[in-house]
Amino acid sequence: MEENETVYNTKDLDEETLFVVSQTFKALSDPTRIRILNLLFLKEYSVNDIAENLHLRQSTVSHQLRFLKNLRLVKYRREGTTLYYSHDDAHVMNMLKETIDHACHH
């Protein structure tokens, strides 16, 4: 272990922290949410653009974006009547990228 790494003992983790960590992993356990976050890694997209790019129904995309937004993993900006989504947590996005890289090298 490197010198500047912090080790968290289970007794040091409060209930809120444990909940947020478990919800983050829950978010990353769904293939559709992984695909959406991966698409949003470098660029923002509207719901329609996400649905088109990933060959998903708009309702499916909207449902998953709502889940991700509630966890503050995505955010949106409004332009007229269109909402454009982008990722909202660089830590989680980097963890996702590292996990994808790991999976691709096996």
Side-chain angles (χ1 to χ4, degrees):
M1 183 170 310
E2 293 186 26
E3 197 174 305
N4 62 353
E5 286 187 57
T6 303
V7 176
Y8 294 98
N9 189 318
T10 306
K11 66 182 177 187
D12 295 334
L13 298 176
D14 60 43
E15 290 300 315
E16 182 180 349
T17 301
L18 289 169
F19 179 76
V20 171
V21 170
S22 68
Q23 290 300 296
T24 301
F25 278 107
K26 180 180 177 181
L28 297 177
S29 71
D30 180 87
T32 300
R33 290 191 288 265
I34 291 170
R35 293 175 68 211
I36 291 170
L37 287 170
N38 188 56
L39 185 66
L40 296 176
F41 195 80
L42 295 176
K43 182 181 167 189
E44 67 179 13
Y45 288 90
S46 70
V47 174
N48 288 337
D49 291 338
I50 294 169
E52 186 177 307
N53 274 279
L54 300 180
H55 308 289
L56 297 168
R57 292 190 324 247
Q58 184 177 347
S59 61
T60 300
V61 172
S62 294
H63 173 76
Q64 297 300 346
L65 287 169
R66 193 167 29 258
F67 183 91
L68 294 169
K69 185 180 170 299
N70 287 339
L71 290 172
R72 295 183 303 195
L73 298 179
V74 299
K75 60 185 175 184
Y76 68 86
R77 69 174 180 84
R78 182 181 299 275
E79 190 173 295
T81 60
T82 305
L83 299 178
Y84 290 92
Y85 285 85
S86 59
H87 72 82
D88 195 24
D89 191 318
H91 294 107
V92 172
M93 294 304 286
N94 287 329
M95 184 173 61
L96 177 61
K97 181 185 179 310
E98 289 295 323
T99 305
I100 291 170
D101 288 348
H102 172 75
C104 288
H105 287 67
H106 281 241

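If you're wondering where the values come from, they're calculated on a predicted model, not measured in any experiment.
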Nearest 0.5 Å please: distance from the [atom1] atom of [X] over to the [atom2] atom of [Y].
X	Y	atom1	atom2	value
L56	I50	CG	CD1	9.5 Å
D49	L54	CG	CG	10.5 Å
N53	N38	CG	CG	11.5 Å
D14	T17	CG	OG1	3.5 Å
T82	Y76	OG1	OH	13.0 Å
L40	D88	CG	CG	11.0 Å

Within a reach of under 6.0 Å around [atom1] of [X], are more than 12 heavy atoms found that belong to other residues, nucleotides or ligands?
X	atom1	answer
F67	CZ	yes
E52	CD	no
R57	CZ	no

### Query
With E44, which of H87, R77, K75 fulfils side chain to side chain donor-acceptor pair (under 3.5 Å)?
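Going through the options one by one, the only one that passes is R77.
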Check [X] against [Y] and note the closest heavy-atom contact, atom names and distance.
X	Y	value
L37	L73	CD2-O, 4.2 Å
L65	V47	CD1-CG2, 3.8 Å
S46	Y84	N-CD2, 3.8 Å
S29	P31	O-CD, 3.7 Å

### Message
Quick check on the hydrophobic clustering: are V92 and V20 connected, directly or via other members, by side-chain heavy-atom contacts under 4.5 Å?
### Response
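Each belongs to a different hydrophobic cluster.
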### Message
Quick check on the hydrophobic clustering: are L18 and F25 connected, directly or via other members, by side-chain heavy-atom contacts under 4.5 Å?
### Response
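Different hydrophobic clusters.
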### Query
Could you walk me through whether L28 and M95 pass the side-chain contact (heavy atoms from CB on, under 4.5 Å) check?
CA-CA 10 Å; L28 297 177; M95 184 173 61; 3.5 Å; yes
### Non-hydrogen side-chain atoms of T24 and L71 separated by less than 4.5 Å
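No, their side chains stay 4.5 Å or more apart.
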### Message
Show, in sequence, the C-alpha distance, side-chain angles and deciding distance for L13 and F19, and conclude whether the side-chain contact (heavy atoms from CB on, under 4.5 Å) test is met.
### Response
CA-CA 10 Å; L13 298 176; F19 179 76; over 6 Å; no
### Task
Taking S62 for its side chain and S59 for its backbone only, find out whether a donor-acceptor pair lies under 3.5 Å.
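Not confirmed, S62 side chain does not pair with S59 backbone.
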### Query
R33 side chain to K26 main-chain N or O, any donor-acceptor pair under 3.5 Å?
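Such a contact is found between R33 side chain and K26 backbone.
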### Message
If you apply the rule side-chain contact (heavy atoms from CB on, under 4.5 Å), what do you find for R35 with Q64, and how did you get there?
### Response
CA-CA 11 Å; R35 293 175 68 211; Q64 297 300 346; over 6 Å; no
#### Entry: Verdict with supporting geometry, D89 and R72, side-chain contact (heavy atoms from CB on, under 4.5 Å)
CA-CA 7 Å; D89 191 318; R72 295 183 303 195; over 6 Å; no
